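What follows is a set of notes on a single structure, which appears directly below.
Everything numeric here is computed off the predicted structure, so don't read it as measured data. By convention in this document, chain letters (A, B, ...) are assigned in the order of the sequence lines, proteins followed by strands, and residues within each chain are numbered from 1.
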Number of protein chains: 2
Amino acid sequence: MAQQTGAARRAPLTRERVLRTAVARADAAGIGSISMRGLAQELGVVPMALYKHVANKDELLDGMVDLVIEEFDPPADALDWKDEVRERVLSARRAVLRHPWARLAIESRTRRTPAVLGYMDSLAGAFRGGGFSANLTHHVMHALGNRIWGFTPELFDEPADPDAPPPTAAAQEATARQFAERYPHILEIAMAATDGDLSRVGEGCDEQFEFEFALDLLLDGFDRLRAEGWTSRRRP
Amino acid sequence: MAQQTGAARRAPLTRERVLRTAVARADAAGIGSISMRGLAQELGVVPMALYKHVANKDELLDGMVDLVIEEFDPPADALDWKDEVRERVLSARRAVLRHPWARLAIESRTRRTPAVLGYMDSLAGAFRGGGFSANLTHHVMHALGNRIWGFTPELFDEPADPDAPPPTAAAQEATARQFAERYPHILEIAMAATDGDLSRVGEGCDEQFEFEFALDLLLDGFDRLRAEGWTSRRRP
DNA sequence: ACCTGAACACCGTTCAAGT
DNA sequence: ACCTGAACACCGTTCAAGT
């Protein structure tokens with residue numbers, strides 16, 4: 001008995017299984033929980049075994065991002081360029097929201113995998129098909145920036161520290177007064193975002209709204225340049 | 001003789017000196033070169049000594065970013081809102097270009113230091129002073145996103161691996177053909193960016209142009225919403 | 001009271017030794 | 001030929017022991 005160890009009884013290690021396990025781990029415990037050693041242990045395998053399937057940790061992260069990109073849904077055919085871009089980007093957003101670690105992984109990766117290139121090519125194709133010149137397509141994709149991956153930076157919204165002791169009412173009052181004095185415009189903005197309900201300021205704002213606001217603003221601007229027959233390498 | 005060790009002879013350790021040394025080190029060797037131990041060694045000090053001046057590595061990074069933000073120049077007075085925002089953002093860009101590591105540090109930090117808040121407040125103030133409602137100011141700042149820090153994601157431009165062996169002409173031809181087949185739109189874009197000179201495709205494009213293109217496109221869109229008296233919490 | 005050496009619990013990756 | 005244990009050169013941070 002016990003001729004096979006736990007490791008030997010497991011499904012054979014494949015690149016696919018390594019990557020899927022890493023994605024599940026990152027989904028559950030964040031990108032900080034991804035280490036070659038920890039992942040190997042979860043797979044019941046010696047760390048070096050992973051290096052059969054991924055060259056190093058960077059390639060592991062690239063592969064994880066590729067799995068997220070594979071979740072992007074291509075939109076139905078016969079949309080005009082604007083709806084196609086919109087659908088593709090919002091689909092990317094849904095995938096990135098399912099894998100919150102992907103935001104930082106995408107930002108920190110220098111990645112030009114086939115999955116990345118394929119997605120960018122399909123977006124570029126949507127613009128070209130809508131009558132954008134190659135040049136203008138180039139510029140508008142840069143203008144979209146990381147929004148092509150469906151996320152925006154957080155800027156104002158900071159995850160509240162769950163370990164922080166709840167401040168006393170007096171302390172809260174004091175810091176609020178100080179804040180109002182030093183950062184009056186930020187306070188205004190925060191209050192506007194919560195319809196003046198100061199107690200909800202910490203909740204952050206409606207990120208989905210902000211994302212679509214900016215996306216549609218950009219797409220409208222693009223449309224204007226396209227309609228104007230923008231060609232020159234000059235700014236709008 | 002030698003009553004004072006090298007460490008003792010040095011200027012006393014201060015938070016300021018720790019942060020400035022870290023910034024200089026990151027400027028020279030990248031963010032990956034920043035470690036508590038390495039930094040301590042450079043300062044001729046035992047690692048634990050740093051913990052007197054920064055609570056932990058996260059706070060060290062926050063402090064480094066703050067030093068970059070302190071390099072932002074407030075613009076001359078009496079600019080209209082658009083020029084003021086433009087000047088502030090382009091000044092931020094100049095600082096970030098001087099400290100290339102700051103891009104990733106800013107993206108990965110969850111930072112709401114006084115320096116960060118102060119800068120965001122000044123930007124928000126420019127919009128408010130230009131007649132933007134608090135609500136619209138909120139949305140347009142989200143739309144600017146990380147561009148308020150003066151950078152855009154790299155998207156297409158990947159630093160060429162200097163260690164990679166120069167591919168043979170035949171291999172280059174083969175990959176080019178394959179690339180053209182799989183990613184025709186990206187190829188078009190890349191060629192447009194280099195005026196059709198394929199040999200310069202690897203160089204990447206004019207990032208400064210792309211940055212200002214997107215910035216001005218956004219500012220124009222903002223101006224349009226402002227002029228229309230945009231108030232509703234609906235998309236543009 | 002102050003400071004710090006040693007230690008703890010990790011990393012990614014190499015490589016020689018073992019089967 | 002294949003696989004892997006041990007090792008290398010690191011991490012951030014804690015804490016007890018020393019001055």
Would you tell me if any nitrogen or oxygen in the side chain of B:Lys52 comes within less than 4.0 Å of OP1 or OP2 on C:dC3?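 Checking C:dC3 against B:Lys52, a side-chain N or O does come within under 4.0 Å of OP1 or OP2.
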To the side chain of [X], which of [options] is closest?
X       : options                : answer
B:Ser35 : C:dT13, D:dG12, C:dG5  : D:dG12
A:Tyr51 : D:dC15, C:dT13, D:dG12 : C:dT13
B:Arg37 : C:dC11, D:dT4, D:dC11  : D:dC11

Rounded to whole Å, how long is the line connecting atom [atom1] of [X] with atom [atom2] of [N]?
X       : N      : atom1 : atom2 : answer
B:Leu50 : C:dT4  : CG    : C1'   : 13 Å
B:Leu13 : C:dC2  : CG    : C1'   : 15 Å
B:Ile34 : D:dG12 : CD1   : C1'   : 14 Å
B:Glu59 : D:dT13 : CD    : C1'   : 15 Å
B:Met48 : D:dG18 : CE    : C1'   : 15 Å
B:Lys57 : D:dT14 : NZ    : P     : 15 Å
B:Gln41 : D:dA9  : CD    : C1'   : 13 Å

Does any non-hydrogen side-chain atom of [Y] lie less than 4.5 Å from one of [X]?
X        : Y        : result
B:Leu43  : B:Arg17  : yes
B:Leu123 : B:Met120 : no
A:Val85  : A:Val140 : no

Under a 3.5 Å cut-off for both contacts, is C:dA9 paired Watson-Crick or G-U wobble with anything, and if yes, with which nucleotide?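 With both distances under 3.5 Å required, C:dA9 matches none.
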For C:dA16, give its Watson-Crick or G-U wobble partner with both distances under 3.5 Å, or none.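 Checking every strand shown, C:dA16 finds its partner in D:dT4, with both distances under 3.5 Å.
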Mind checking A:Met36 for me? I need base, sugar-phosphate or nothing, with any heavy atom below 4.0 Å counting as a touch.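 Touches sugar-phosphate only.
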Do the rings of B:Trp149 and B:Tyr119 sit parallel, tilted or perpendicular, given the 30° and 60° boundaries?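 Taking B:Tyr119 first and then B:Trp149, their aromatic rings sit tilted (interplane angle of 30° to 60°).
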